[in-house]
Amino acid sequence: MTYFPNVGKISFSGNSLKSDLSFRYYNPDEVIAGKTMKDHLRFSVAYWHTFTQDGSDPFGSGTMIRPWNHLKGMDLAKARVEAAFEFFEKLGNPYFCFHDRDIAPEGDTLRETNKNLDVIVSMIKDYMKTSHVKLLWNTANMFTNPRFVHGAASSCNADVFAYAAAQVKKALEIAKELGAENYVFWGGREGYESLLNTDMKFEQENMARFFHMAIDYAKEIGFEGQFLIEPKPKEPTKHQYDFDAATTIAFLKTYDLDKDFKLNLEANHATLAGHTFEHEIRVARIHGLLGSLDANQGDPLLGWDTDEFPTDLYATTLTMYEVLKNGGLGKGGLNFDAKPRRSSFMPDDLFYSHIAGMDSYALGLKVANRLIEDRVFDDFIEERYSSYKEGIGAEIVSDRSSYHISINRCF
Ligand code: XLS
Ligand code: NI
Ligand code: NI
């Protein structure tokens with residue numbers, strides 16, 4: 001069975017653009033600043049948007065035409081795995097990401113749910129043996145099921161905390177089994193709707209306990225992937241605790257988690273927090289906590305997480321500028337946490353939209369590299385702070401290892 005019969009292997013055609021189903025800028029083997037584009041960009045396909053979204057929104061039902069739409073339950077889950085690996089082979093993305101609930105349906109009990117996961121995980125593992133695709137990260141969906149109405153680790157209900165912990169335990173075992181490079185926490189419902197019924201300090205302490213439990217269990221089972229937290233200011237909660245990069249870093253440092261966690265930053269979440277993506281990346285980078293990126297874009301005219309494929313070349317350029325300045329993303333990558341619009345409902349639109357995102361980032365990488373090579377900003381910035389190179393300026397910053405300077409030095 002083939003799920004995308006109209007599409008062959010997507011290759012680089014350059015500016016000659018032989019077909020719309022080819023890359024104009026993403027040439028995986030092209031070397032830029034000593035590294036291939038493939039290794040710079042580390043593209044990842046998001047399982048949820050690509051294989052499970054149906055195009056519904058708060059005002060209308062699903063529109064997506066998919067060859068697996070007639071199936072249900074485990075048959076549907078298996079068909080999606082087959083379709084996913086056909087898609088990955090054709091697109092040539094080196095990575096993918098998923099939530100536990102994307103890949104297998106929940107059963108009536110935790111035991112049954114985990115059995116469903118075992119079946120699908122072993123199927124994915126088999127496919128991975130003969131595929132070039134690796135798991136960038138997985139995560140636990142602790143926001144869809146009604147039990148998470150008050151949050152997961154920050155829930156007022158201890159049973160829910162315990163259930164969420166059991167879910168993460170299983171998700172970490174899956175991460176280990178499939179060789180995930182990272183493990184992500186996105187706390188969609190870890191926040192509050194009203195301060196009047198909320199013990200904020202207690203909820204945040206519980207989140208810290210939860211993260212420490214995860215770190216300890218990862219050590220116990222020998223999972224060596226990087227732990228990541230994905231900040232977002234709101235939606236679905238009114239106020240999410242991991243509001244933005246700065247807030248999340250303060251949380252990590254307060255609770256002694258900054259040695260074990262880095263950040264997974266998302267462009268659309270930056271927009272919702274009133275920041276640019278490059279601002280969020282810069283904040284993480286200067287603290288040595290840049291982990292991975294959810295590459296998408298928001299619409300500045302809409303106040304929600306529209307998860308569009310990234311096509312704004314200024315944004316992709318400035319993102320790649322920060323990534324290059326960081327010396328790369330390490331174990332992280334560029335995960336397309338993005339979906340085609342509701343009106344782009346044909347299966348092939350999944351390819352067109354990924355190609356648009358990959359080309360936009362490939363071009364962004366090339367331009368960013370030129371900006372660095374030509375020292376466009378570096379020279380300018382150096383000049384801007386040149387008063388700290390001599391006289392009183394040099395005196396103020398003379399001991400770079402300490403911030404304690406006597407005010408008498410300024411006389
Ligand atoms: C939602 C988030 C989510 C995370 C993974 O806004 O972006 O998709 O990336 O749970
Ligand atoms: Ni995301
Ligand atoms: Ni998001």
Side-chain angles (χ1 to χ4, degrees), residues 42-54 57-58 95-103 135-145 148 151-154 164 167-168 170-172 174-175 180-191 207 210-211 214 225-245 248 261-277 280-281 284 290-300 302-310 315 319 329 332-341 357:
R42 297 168 61 85
F43 286 129
S44 159
V45 169
Y47 206 93
W48 54 103
H49 285 307
T50 309
F51 307 109
T52 72
Q53 291 273 346
D54 65 0
D57 70 13
Y95 291 99
F96 71 115
C97 294
F98 61 79
H99 302 81
D100 47 3
R101 302 300 173 249
D102 305 332
I103 59 166
L135 186 56
L136 185 65
W137 50 261
N138 63 313
T139 182
N141 173 333
M142 300 185 290
F143 44 88
T144 301
N145 191 292
F148 299 119
S154 68
Q167 203 177 319
V168 168
K170 181 71 181 170
L172 288 171
I174 293 171
E181 309 222 353
N182 306 270
Y183 182 84
V184 164
F185 287 94
W186 171 63
R189 297 198 190 272
E190 312 288 25
M207 283 175 65
F210 195 88
F211 292 137
Q226 173 66 51
F227 276 110
L228 301 171
I229 289 190
E230 182 176 328
K232 184 175 182 181
K234 57 187 165 192
E235 195 215 74
T237 40
K238 180 162 89 176
H239 181 99
Q240 193 175 310
Y241 290 138
D242 304 321
F243 192 92
D244 60 1
T248 308
F261 273 87
K262 287 185 175 175
L263 302 186
N264 180 39
L265 299 166
E266 176 167 322
N268 206 155
H269 298 181
T271 312
L272 290 178
H275 304 306
T276 59
F277 198 19
E280 288 292 83
I281 302 171
L290 176 57
S292 195
L293 300 176
D294 270 6
N296 60 12
Q297 69 183 25
D299 186 321
L302 294 174
W304 64 90
D305 201 10
T306 50
D307 289 339
E308 296 171 15
F309 273 86
T319 299
L329 284 169
L334 290 174
N335 172 48
F336 290 113
D337 194 347
K339 58 188 172 210
R341 300 303 86 196

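Read the numbers this way: they start at 1 and go in the same order the structure lists the ligands and their atoms. Since this is a predicted model, take the numbers as computed values, not measurements. The residues of the chain are indexed from 1 along the displayed sequence.
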Exercise. Establish, from distance only, whether the side-chain atoms of Asn296 and Asp307 form a donor-acceptor pair under 3.5 Å.
Key: yes
Quiz item: Measuring from each atom of ligand 1, which residues have a heavy atom under 4.0 Å away?
Solution: Trp48, His99, Trp137, Trp186, Glu230, Lys232, Glu266, His269, Asp294, Asp305, Asp337
Quiz item: Of Asp305, Asp242, Asp244, which meets salt bridge (Lys or Arg N to Asp or Glu O under 4.0 Å) against Lys232?
Solution: Asp305
Quiz item: Is any protein N, O or S atom closer than 2.8 Å to the Ni ion (ligand 2), and if so, which?
Solution: Glu230 OE2, Glu266 OE1, Asp294 OD2, Asp337 OD2
Self-check item: Result of checking Phe143, Tyr47, Trp186 against His99 for ring-ring contact (aromatic ring centres under 6.0 Å, His included)
Solution: Phe143
Practice problem: May I ask you to test the Asp100-Asn138 pair for a side-chain heavy-atom distance under 4.5 Å? | Solution: no
Self-check item: side chain to side chain contact (heavy atoms under 4.5 Å, CB included), paired with Glu230, selected from Leu293, Leu265, Asn264, Leu263
Solution: Asn264
Quiz prompt | Atom of Asp305 nearest the Ni ion (ligand 3) (restricted to N/O/S, atom name only) | solution = OD2
Practice problem: Heavy atoms only: give me the nearest Phe336-Gly357 pair and the separation to one decimal. | Solution: CZ-C, 3.6 Å
Quiz prompt | From Arg189 atom CZ to Glu235 atom CD, the distance as rounded to the nearest 0.5 Å | solution = 10.0 Å
Self-check item: Pairing residues for Glu181 by the salt bridge (Lys or Arg N to Asp or Glu O under 4.0 Å) criterion, not counting sequence neighbours
Solution: Arg42
Quiz item: For Lys170, does the NZ atom sit with more than 12 other heavy atoms under 6.0 Å from it, leaving out its own atoms?
Solution: yes
Quiz prompt | Which residues share a side-chain contact (heavy atoms from CB on, under 4.5 Å) with Thr144, sequence neighbours left out | solution = Asn141
